[in-house]
Structures are given as structure tokens and as C-alpha cells.
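Before any comments, here is the structure.
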Amino acid sequence: MAFFIITVVALAAYFDLKSRRIPNWLTYSALAISFICPSPFQVLAIAIGFISALIFGKYVGAGDIKLAVVISIWSHILNLSQYWIYFALLLGGISGLGYRQKSIAFAPYMAVGILAANLARSKGFI
């Protein structure tokens, strides 16, 4: 199942870099598949994602929020490190300041955040 989340995040990063959009079919299908074995965490993650979309919708793309919900649910299901969000925000923030762009494709930073968090976990840093 780890191959599934890697595929979803890689496709999201590709589409985000190419067109600055993450397709709904990708995020919604990943959410639907996650409900094969539902948990209260999944409902909480979706509720937080919905509230975040309402509050921060002007500043963060809806596709990025949906992808973050998918990643957090699948990281929880697969018992992966949840520190990916810190790495993604740090890298994306530094990039945004460095390039001074109005918007950035954030999905690649989430992908790198997942890799960095799980690499740090496997090496015993976190």
C-alpha cells in the first residue's frame, strides 16, 4: 500500500508542476479508497481539511489542502511519520521567500516532506 501513496503524491506533484492544479479525480479517489477501513482519525482529518479550505482558501490551493488530507490519512494508515508537514512547510516557505513568486506548486514540497520525514525516522532522528 505504500506504493499507492507514493503514486498519488508523484502524480499530484507532476500535475501541480505542469499546470498548477491537482486533479480532483486523483484526490477524491485516494480519499475514497482510504475509507475501506474507516477510523475516527479520517473523519477528523477531513473535517480539519474542510475547515482549512474555508478559512485559508484564498492563500492555499484547494488541491493542496485535499492532497494534505490524503497524505495525512494514508500516513496514519501506513504508520508513517507525521512530521512530513513540518518539512513541507519549511521547504515551501523557504522556496516562496527565495523565489518571491505569487504562488508556488506546493505538492512537490509535500512529496519531499514525506521522503525527508520517513528518511529521518528510519535513521532515528525523529
Side-chain angles (χ1 to χ4, degrees):
M1 287 307 268
F3 177 75
F4 174 75
I5 190 65
I6 292 168
T7 303
V8 169
V9 173
L11 283 171
Y14 170 76
F15 284 116
D16 203 13
L17 285 171
K18 182 179 174 188
S19 63
R20 298 288 171 117
R21 295 184 54 82
I22 300 171
N24 285 333
W25 61 264
L26 182 63
T27 53
Y28 289 149
S29 61
L31 277 174
I33 292 170
S34 71
F35 276 102
I36 291 172
C37 50
S39 73
F41 176 80
Q42 293 170 329
V43 175
L44 178 65
I46 290 172
I48 290 172
F50 181 73
I51 292 169
S52 297
L54 291 175
I55 295 172
F56 302 111
K58 293 181 189 177
Y59 308 109
V60 179
D64 293 328
I65 292 172
K66 289 182 280 190
L67 181 63
V69 169
V70 167
I71 293 170
S72 64
I73 288 173
W74 279 97
S75 295
H76 181 74
I77 289 172
L78 298 173
N79 197 24
L80 300 173
S81 175
Q82 294 289 324
Y83 287 99
W84 64 270
I85 191 68
Y86 300 127
F87 288 108
L89 291 172
L90 179 67
L91 295 171
I94 290 170
S95 173
L97 289 173
Y99 292 116
R100 297 187 188 257
Q101 296 176 345
K102 185 175 179 177
S103 68
I104 60 171
F106 194 63
Y109 296 104
M110 287 192 265
V112 171
I114 291 170
L115 291 173
N118 288 302
L119 180 65
R121 183 178 180 190
S122 70
K123 300 295 181 186
F125 293 121
I126 54 175

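Numbering starts at 1 and runs along the sequence shown.
- Under a hydrophobic-cluster definition in which Ile, Leu, Val, Met, Phe, Trp and Tyr are linked whenever side-chain heavy atoms come within less than 4.5 Å, directly or via other members, Ile55 and Leu44 are assigned to different clusters.
- Residue Phe41 qualifies as enclosed at atom CZ: its count of foreign heavy atoms under 6.0 Å is above 12.
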Side-chain polar contacts of residues 2-17 - donor-acceptor pairs under 3.5 angstrom, sequence neighbours left out - could you list them?
{"from": "Thr7", "atom 1": "OG1", "to": "Phe3", "atom 2": "O", "distance (Å)": "2.7"}
{"from": "Asp16", "atom 1": "OD2", "to": "Phe106", "atom 2": "N", "distance (Å)": "3.0"}
{"from": "Asp16", "atom 1": "OD2", "to": "Ala107", "atom 2": "N", "distance (Å)": "3.0"}

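- In the hydrophobic clustering of ILVMFWY residues, with side-chain heavy atoms under 4.5 Å counting as a link, Tyr28 and Val43 come out apart.
- Ile73 CD1 to Ser39 OG: the interatomic distance, rounded to the nearest 0.5 Å, is 7.5 Å.
- Hydrophobic clustering (side-chain heavy atoms under 4.5 Å, transitive across Ile, Leu, Val, Met, Phe, Trp, Tyr) groups Ile71 together with Leu78.
- Annotation: the span from Ser81 atom OG to Phe125 atom CZ amounts to 13.0 Å, rounded to 0.5 Å.
- Contact detail for Ser72 and Gln82: the closest heavy-atom pair is O-NE2, 3.7 Å.
- The distance from the CD1 atom of Ile65 to the CG atom of Leu54 is 9.0 Å, given to the nearest 0.5 Å.
- In this structure, the separation between OH on Tyr83 and CZ on Arg121 is 9.5 Å, given to the nearest 0.5 Å.
- Each of Leu80 and Leu119 belongs to its own hydrophobic cluster when Ile, Leu, Val, Met, Phe, Trp and Tyr are linked at side-chain heavy-atom distances under 4.5 angstrom.
- Distance check: Leu67 CG to Leu31 CG gives 9.5 Å after rounding to the nearest 0.5 Å.
- Of the inter-residue distances, the one linking Leu89 atom CG with Leu91 atom CG reads 9.5 Å to the nearest 0.5 angstrom.
- Trp74 approaches Ala30 most closely through the heavy-atom pair NE1-O, 3.3 Å.
- Two different hydrophobic clusters hold Phe50 and Val69 under the rule that ILVMFWY side chains link at heavy-atom gaps under 4.5 Å.
- Atom CZ of Arg21 is surrounded by 12 or fewer heavy atoms from other residues, nucleotides or ligands within 6.0 Å.
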Would you give me the side-chain donor-acceptor pairs under 3.5 Å for residues 108-115, sequence neighbours excluded?
{"from": "Tyr109", "atom 1": "OH", "to": "Ser95", "atom 2": "OG", "distance (Å)": "2.5"}

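- Inter-residue side-chain proximity for Ser122 and Asn118 is flagged as unmet; no heavy-atom pair is nearer than 4.5 Å.
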